[in-house]
Amino acid sequence: MRQSQLFTRTRKDAPKDEVSLNAQLLIRAGFIHKEMAGVYSFLPLGLRTFKKIEQIIREEMNAIGGQEITLSALQDPKVWEKTNRWDDAAIDVWFKTALKSGGELGLAPTHEEPLTALMSEYISSYKDLPAYVYQFQTKFRNELRAKSGIMRVREFVMKDLYSFSKSEAEFRDFYEKCAKAYEKIFKRVGIGDRTYRTFASGGSFSKFSDEYQMLCDAGEDVIYVHEKKRIAVNKEVYKDDVLKDLGIEKSELKEEKAIEVGNIFPLGTRFSDSLGLKYKDEDGKDMPVIMGSYGIGPGRLMGAVVEALADKKGIVWPKEVAPFDVHLVSITGGNVEIEKEADRTYEMLQENGIEVLYDDRDARAGEKFADSDLIGIPVRLVVSEKTIEAGGVEMALRTNGKGTLVAESDIIDKLHAKK
Ligand code: ATP
Ligand code: MG
C-alpha cells in the first residue's frame, strides 16, 4: 500500500482526554479513532493488525477442534431469565434496549445462554459429544471505568469458545489442550515471555478458573508471580490454603501489576441444568452436559502488545501481528530517478509476496523516519541517493534501528531470514 493513498495521517498529539499509552500511540499512528470514552473504531492499519491477531487465535482454536460460528448480538431476555442473569444485579454491565413493538432486548455481554440453548437443539446423545464451538463476536458491556484505552472498552470483539463434554475427565482434557493453545497464541503475538497462567477465582460459576495475565504497569489486576514455575496467583485468591494446594510459598512470589488477556473457565452444569442441555448416555440415561468457556479479547491483546513493547519513539510490532512486513521509505529530494528506483523496489517486494507499506509521500526524511518509528513495522527499507550510489537499499530493524546496506538481489533472502 502506498502511504500517499492512505487516508489516515500520523498526528503529534493524542486527544487531551486520552490517558492510556496504548490508545495514545494507536491514535497518533492512525490505527484507531476515538469515538467517545471506551469506544474506538479501527482504521486501515489497526484493522490489519487486529485481523492478524484474530487469525492467529482462529488457527489455534481450529487446531484443537473448534468450529467457528457467529451468534447474534441482540438477546432475548427469556433465555437469560432461565439462568437468572437478565437481572442487572447478576450482570452489572448490561446494555439493554427496547423493541418498538414493546418489550426489551439486550446487547450481549457474553454468550453462554444463547449458545447453550442453541446446542440443546443439536445435542441429544453421547454420540454428539464432545463439541467445541467458538466465535469472534461483538460484546457490549457498560463498564464503569474506561481509562485503559482499547484494553477496556464498552464494545469489543471477543473470541469466546465453549466446550460441551460428556464427563469431567473429557472436559479437563480439553481444558488443558486449550491452555496449551493459549500459550501458543500469546507467544505468537509476542507477549509469551511476560504472560502467566494465573490461578483465579471462578466467580459465580466454579471454585477456580485460570486467567492469562500479562505483566503491565497499566494493568488493573494484582498477581503474585512464581518466576521459576512460570505460574501466578491472582490477589483475589492469594491465601495460604490456595498456595499450599499449588505447592508454592509466599517467599517465592513477587507482586506484579497485570492485565488479563484471556481466561479459561470451568462452567460445570450451571448453564446446561438451567437451559435443559442434556444427552442420553450409552444406557439411555439422561445426563447433564459439562461445559467450559474460553475467552480472549483480540483488541485488548492488541493494546497489551503496544503497552508491553513500545519504546520512546512509538509502537514496536512483533512480526506476526505487524500491519505490514516492511516499511519501504523513499528519500527522493524531488529526484525522479530515485523515485523510479523506489517504485521498482516496491513492485519487486510485492511480487515476492511481501506486505509493504510504501512511504512514497513528498515529505522530509526526518518526518518520514519519525512516522515510521511511530507506526512500528518490524523492518524498514530506505531507498535514497546515498543507498543507490552504494548499490543497494538500507535495511534496519525497528527494534534496534541500526541500518545496513543490502544489495537489491539479497533483500528477499534477508527478509525471509528474519521471519
Ligand atoms: P476483566 O476482569 O478484565 O473485566 P473479564 O473477567 O470481564 O475481564 P471475560 O468476561 O472472561 O473477562 O472476557 C474474556 C476476555 O475478553 C478477557 O480475558 C479480555 O481479553 C476480554 N475483555 C473482557 N472485557 C473487556 C473489555 N471491556 N474490553 C476489551 N476486552 C475485554
Ligand atoms: Mg469484566
Side-chain angles (χ1 to χ4, degrees), residues 20-23 25-27 29 31-35 38-64 66-71 73 108-111 132-141 143 146 148-162 178-179 181-192 194-195 211-214 216 218-220 258-265 293-310 315-324 355 376:
S20 100
L21 176 70
N22 68 77
L25 288 173
L26 289 165
I27 290 169
F31 283 69
I32 60 171
H33 178 260
K34 185 170 191 163
E35 303 300 334
V39 183
Y40 300 87
S41 297
F42 284 75
L43 305 177
L45 293 176
L47 189 60
R48 288 182 75 99
T49 289
F50 182 87
K51 292 268 176 211
K52 290 197 172 176
I53 296 174
E54 197 180 74
Q55 186 55 21
I56 290 171
I57 300 171
R58 177 177 289 117
E59 285 168 17
E60 300 302 340
M61 292 299 102
N62 288 346
I64 57 171
Q67 299 182 42
E68 187 171 353
I69 60 161
T70 323
L71 294 170
T110 178
H111 276 93
Y132 310 116
V133 181
Y134 76 96
Q135 57 178 349
F136 291 93
Q137 199 275 356
T138 306
K139 313 294 182 205
F140 295 89
R141 292 187 181 179
E143 303 271 5
S148 299
I150 60 167
M151 297 199 301
R152 183 174 299 286
V153 286
R154 300 194 166 105
E155 174 183 340
F156 64 99
V157 171
M158 191 198 289
K159 183 287 294 174
D160 42 338
L161 184 145
Y162 302 87
C178 193
Y182 270 31
E183 270 153 36
K184 283 190 197 150
I185 291 166
F186 299 130
K187 196 166 167 193
R188 288 180 67 184
V189 304
I191 58 164
R194 65 193 81 205
T195 302
E211 295 172 342
Y212 284 82
Q213 294 274 3
M214 186 196 86
C216 175
E220 295 171 22
I259 174 84
E260 180 199 303
V261 285
N263 65 22
I264 57 180
F265 248 96
S293 77
Y294 312 79
I296 294 184
R300 180 180 288 187
L301 201 47
M302 178 169 160
V305 170
V306 174
E307 294 276 340
L309 304 178
I315 303 170
V316 180
W317 293 113
K319 60 179 181 313
E320 277 213 68
V321 302
F324 291 91
E355 294 177 4

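We're numbering straight along the sequence, starting at 1. Note that this is a predicted model, so its numbers are computed, not measured.
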What are the two closest heavy atoms between [X] and [Y], and how far apart are they?
{"X": "Ile64", "Y": "Cys178", "value": "CD1-CA, 3.9 Å"}
{"X": "Ala218", "Y": "Glu307", "value": "CB-OE1, 3.5 Å"}
{"X": "Val153", "Y": "Glu143", "value": "O-CG, 3.7 Å"}
{"X": "Asn263", "Y": "Phe265", "value": "ND2-CE1, 3.8 Å"}
{"X": "Pro318", "Y": "Val189", "value": "CG-O, 3.3 Å"}
{"X": "Lys159", "Y": "Pro298", "value": "N-CD, 4.0 Å"}

Does [X] reach the main-chain N or O of [Y] with its side chain, forming a donor-acceptor pair under 3.5 Å?
{"X": "Glu60", "Y": "Ala181", "result": "no"}
{"X": "Ser20", "Y": "Ala23", "result": "yes"}
{"X": "Arg154", "Y": "Val39", "result": "no"}
{"X": "Arg152", "Y": "Ala146", "result": "no"}
{"X": "Tyr294", "Y": "Tyr182", "result": "no"}
{"X": "Thr49", "Y": "Val321", "result": "yes"}
{"X": "Glu260", "Y": "Glu211", "result": "no"}
{"X": "Asn22", "Y": "Ile150", "result": "yes"}

If you round to the nearest 0.5 Å, how far is [atom2] of [Y] from [atom1] of [X]?
{"X": "Leu301", "Y": "Ile185", "atom1": "CG", "atom2": "CD1", "answer": "8.5 Å"}
{"X": "Phe136", "Y": "Ile57", "atom1": "CZ", "atom2": "CD1", "answer": "5.0 Å"}
{"X": "His33", "Y": "Tyr40", "atom1": "NE2", "atom2": "OH", "answer": "11.0 Å"}
{"X": "Ile69", "Y": "Gln137", "atom1": "CD1", "atom2": "CD", "answer": "9.0 Å"}
{"X": "Lys187", "Y": "Ile56", "atom1": "NZ", "atom2": "CD1", "answer": "13.0 Å"}
{"X": "Trp317", "Y": "Met302", "atom1": "CH2", "atom2": "CE", "answer": "4.5 Å"}

After noting the C-alpha distance and the side-chain angles of Val157 and Phe50, does the key distance pass the side chain to side chain contact (heavy atoms under 4.5 Å, CB included) rule? CA-CA 10 Å; Val157 171; Phe50 182 87; 3.7 Å; yes
Would you mind telling me which of Ile32, Val316, Ile315 makes a side chain to side chain contact (heavy atoms under 4.5 Å, CB included) with Leu25? Ile315
Which is it for Leu26 and Phe42 under the side chain to side chain contact (heavy atoms under 4.5 Å, CB included) test, yes or no, and what are the steps along the way? CA-CA 10 Å; Leu26 289 165; Phe42 284 75; over 6 Å; no
Residues in side-chain hydrogen bond (donor to acceptor under 3.5 Å, both in side chains) contact with Thr138, at least two apart in sequence or another chain: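 Listed in chain order: nothing, the list is empty.
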Would Gln135 and Asp160 count as a side chain to side chain contact (heavy atoms under 4.5 Å, CB included) here? Give the steps. CA-CA 6 Å; Gln135 57 178 349; Asp160 42 338; 3.0 Å; yes
Applying side chain to side chain contact (heavy atoms under 4.5 Å, CB included), run through Met214 and Met151 and close with a yes or a no. CA-CA 12 Å; Met214 186 196 86; Met151 297 199 301; 6.0 Å; no
Does the Lys NZ or Arg CZ of Arg300 fall within the cation-pi geometry relative to Phe156 - under 6.0 Å from the ring centre and within 45° of the axis? no
Using a 4.5 Å cut-off on heavy atoms from C-beta on, say whether the side chain of Phe186 contacts that of Ile296. yes
For the CD atom on Glu68, are there more than 12 heavy atoms of other groups (residues, nucleotides or ligands in this structure) within a distance under 6.0 Å?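 Enclosed: over 12 neighbouring heavy atoms sit under 6.0 Å from CD of Glu68.
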